Amino acid sequence: MKNSNEKLGIFIVPTGIGASVGGFAGDASAIARKFSKAARLIVNPNVVNAGGFSGITDNMLYTEGYTLDEFVKGNIQLKPVNRPNKIGIVFDKAIPKDVLNVHLNTMNAVRIVYGVDVNEYEITEDEIGVEFILNSDGISDGIVKNPKTMLNSAKKLISRGCNAIAIVGMFKDPEDINQDYANGIGTDPVGGVEAILSHYISKELKVPCAHSPAFEDYQIYPDIVSPKSASEYITPTFLPCILLGLSQAPNIVQTGGLSSDDIDFIVMPYNSLGSPAIFAAIKKGIKIYAVKENVTTLDITPDKLGIEDKVCIVNSYDECLALINE
């Protein structure tokens, strides 16, 4: 990006920490889209995923958290794609036949309507064994009992030419854990374990990856919910958003792509600054904007970390964008 006038930014809303902006269902998308007009923007899936919708734009690079951390550290580079990625889907063996059929119809609809290159899939030999947990501090977490069966299926898809992997794990109904989520309150219960699933595949196989949960009850409920959560309540699957994101996700390479030296800025919620990407950015002198408007359940603030002089603290995303546009 140093050879052009275009900036390269990173816009992050961490998953599973109850972010007031971006902690629900694509509710950070509209803000991220504004930023993508000011710079080519790397976004984590949590920013733009919205069930049957997606906030992704042509000027965004869809990159899951582990890969994003490695990129800022300088361990990898990201190479934007000139043609859609070939996506393979790993389906959990635990998914009932009727639920699987709904997902296969969704896969085919996305392929036909958007031209996404996706028609390869594998069903795991064993159940993945996904369990999600909402900790007492409001942070989403979880357990994956059998990640190797997921990895084996992903390897088969890569051997057939796929270069991006979508994971669909079977989940229990999260409403039992956080009934307030539909009202736009608290933390998405499944976000933490979804990050574990995608991090694992990205780390092991060095390919773009994202996760979509499957639920046994896929009916659409007629009750009015919070606008922040609404996109997840009007679709039987959440697969479209990750397929649209993965279609244009950058390839993970060692050379020949965008590097950490190209990063102009990072935008993060004010009280969730404890990620490896932030510490790496500080060492490299990358501009970090900490946005107070976006409140999370964490309390990792610039003063707690002793980095007040290394972070630009702003009250709102609008204020942040105005500074970037100066």
Side-chain angles (χ1 to χ4, degrees), residues 45 49 54 62-68 70 76 78-79 81-112 114-132 142-171 190 193-216 218 237-254 257:
N49 282 354
S54 172
Y62 187 87
T63 307
E64 65 84 37
Y66 172 81
T67 300
L68 203 155
E70 290 295 290
I76 60 168
L78 298 177
K79 187 174 183 179
V81 295
N82 295 319
R83 55 184 298 179
N85 288 318
K86 183 175 181 180
I87 305 169
I89 306 178
V90 175
F91 288 110
D92 192 345
K93 182 182 179 181
I95 298 173
K97 180 66 174 176
D98 60 332
V99 178
L100 176 63
N101 287 347
V102 171
H103 281 78
L104 292 177
N105 282 337
T106 302
M107 175 190 78
N108 288 327
V110 172
R111 177 169 59 86
I112 293 299
Y114 295 101
V116 171
D117 188 356
V118 53
N119 57 18
E120 297 276 358
Y121 70 91
E122 279 283 330
I123 298 173
T124 59
E125 292 184 0
D126 302 301
E127 295 184 1
I128 297 174
V130 180
E131 294 183 3
F132 52 90
I143 299 169
V144 182
K145 294 181 179 178
N146 193 2
K148 286 294 179 65
T149 193
M150 177 176 64
L151 178 63
N152 291 339
S153 292
K155 286 180 177 178
K156 291 177 183 178
L157 290 166
I158 290 174
S159 72
R160 300 209 297 269
C162 297
N163 64 339
I165 298 295
I167 306 291
V168 181
M170 189 65 194
F171 281 49
V190 306
V193 76
E194 286 194 284
I196 293 171
L197 291 162
S198 61
H199 289 11
Y200 175 71
I201 294 298
S202 293
K203 181 178 180 180
E204 292 292 326
L205 300 180
K206 304 296 187 294
V207 295
C209 181
H211 178 269
S212 172
F215 299 103
E216 190 167 357
Y218 49 84
T237 86
F238 307 137
L239 191 55
C241 62
I242 72 167
L243 294 180
L244 290 168
L246 287 173
S247 180
Q248 65 183 64
N251 294 156
I252 301 167
V253 297
Q254 291 300 314

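Heavy atoms only: backbone and side chains are in, while hydrogens, waters and symmetry mates are out. Since this is a predicted model, take the numbers as computed values, not measurements.
- Minimum heavy-atom separation, Thr149 to Glu127: CG2-O, 4.0 Å.
- Here the NE2 atom belonging to His103 is positioned 5.0 Å from the OG atom belonging to Ser212, to the nearest 0.5 angstrom.
- Residues that satisfy the side-chain hydrogen bond (donor to acceptor under 3.5 Å, both in side chains) test with Tyr114, not counting sequence neighbours, are absent from this structure.
- Between Ile76 and Leu78, the shortest heavy-atom distance links the atoms CD1-CD2, 4.3 Å.
- Contacts of Arg111 classified as side-chain hydrogen bond (donor to acceptor under 3.5 Å, both in side chains), with partners at least two apart in sequence or in another chain: Asn108.
- In terms of modelled atom types and a separation under 3.5 Å, the side chain of Lys86 and the main chain of Asn163 share no donor-acceptor contact.
- A pairwise comparison of heavy atoms in Cys241 and Tyr62 identifies O-OH, 4.2 Å as the closest pair.
- Residues satisfying the side-chain hydrogen bond (donor to acceptor under 3.5 Å, both in side chains) test with Asp117, not counting sequence neighbours, are none.
- Annotation: side chain of Ile89 is in contact with side chain of Leu243 (closest heavy-atom distance under 4.5 Å).
- A 4.5 Å side-chain heavy-atom check between Ile242 and Pro45 finds every atom pair outside the cut-off.
- Put simply, the side chain of Ser159 gets close to the backbone of Lys156: a donor and an acceptor are under 3.5 Å apart.
- Between the CE atom in Met107 and the CD atom in Glu120 there is a gap of 9.0 Å [rounded to 0.5 Å].
- The aromatic rings of Phe171 and Phe215 lie perpendicular to each other, with more than 60° between the two planes, well past the 30° mark.
- Listed by chain and number, the residues in a ring-ring contact (aromatic ring centres under 6.0 Å, His included) with Phe91 are Tyr121 (sequence neighbours excluded).
- At least one side-chain heavy atom of Lys148 sits under 4.5 Å from a side-chain heavy atom of Asn146.
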Exercise. Just do the side chain to side chain contact (heavy atoms under 4.5 Å, CB included) check on Asn49 and Phe238 with the steps written out, would you?
Key: CA-CA 8 Å; Asn49 282 354; Phe238 307 137; over 6 Å; no
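- Two residues are said to be in side-chain contact when any heavy atoms from C-beta on lie closer than 4.5 Å; Glu125 and Asn152 fail this criterion.
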Exercise. Any chance you could lay out the side chain to side chain contact (heavy atoms under 4.5 Å, CB included) test for Ile252 and Thr67, step after step, and finish with the verdict?
Key: CA-CA 8 Å; Ile252 301 167; Thr67 300; 3.6 Å; yes
Self-check item: Full working for side chain to side chain contact (heavy atoms under 4.5 Å, CB included) between Val193 and Ile143
Solution: CA-CA 7 Å; Val193 76; Ile143 299 169; 6.0 Å; no
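- A distance of 7.5 Å separates CD1 of Ile128 from OG of Ser153, quoted to the nearest 0.5 Å.
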Quiz item: Under the side chain to side chain contact (heavy atoms under 4.5 Å, CB included) criterion, do Asn105 and Thr237 qualify, and how do the steps go?
Solution: CA-CA 10 Å; Asn105 282 337; Thr237 86; over 6 Å; no
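- The two residues Ile95 and Leu100 make their nearest non-hydrogen contact at CG2-N, 3.6 Å.
- A heavy-atom distance below 4.5 Å is not found between the side chains of Pro84 and Val116.
- Ser198 places no side-chain N or O within donor-acceptor distance of the main-chain N or O of Glu64, the cut-off being under 3.5 Å.
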Please list every donor-acceptor pair under 3.5 Å in which a side-chain atom of residues 203-211 meets a protein atom from a residue at least two apart or in another chain.
residue: Lys206; atom: NZ; partner: Lys203; partner atom: O; Å: 2.6
residue: His211; atom: ND1; partner: Glu194; partner atom: OE2; Å: 2.8
residue: His211; atom: NE2; partner: Gly169; partner atom: N; Å: 3.0

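- Here the closest heavy-atom approach between residue Gly142 and residue Ile196 is recorded as O-CD1, 3.5 Å.
- Evaluation of the side chain to side chain contact (heavy atoms under 4.5 Å, CB included) rule for Asn82 yields no partner, not counting sequence neighbours.
- Proximity of a side-chain donor or acceptor of Asn85 to a complementary backbone N or O of Ala249 within less than 3.5 Å is detected.
- Looking at Leu151 and Ile201, their side chains come closer than 4.5 Å, going by heavy atoms from C-beta outward.
- The minimum heavy-atom distance linking Ala154 with Ile165 is given by the pair O-CD1, 4.0 Å.
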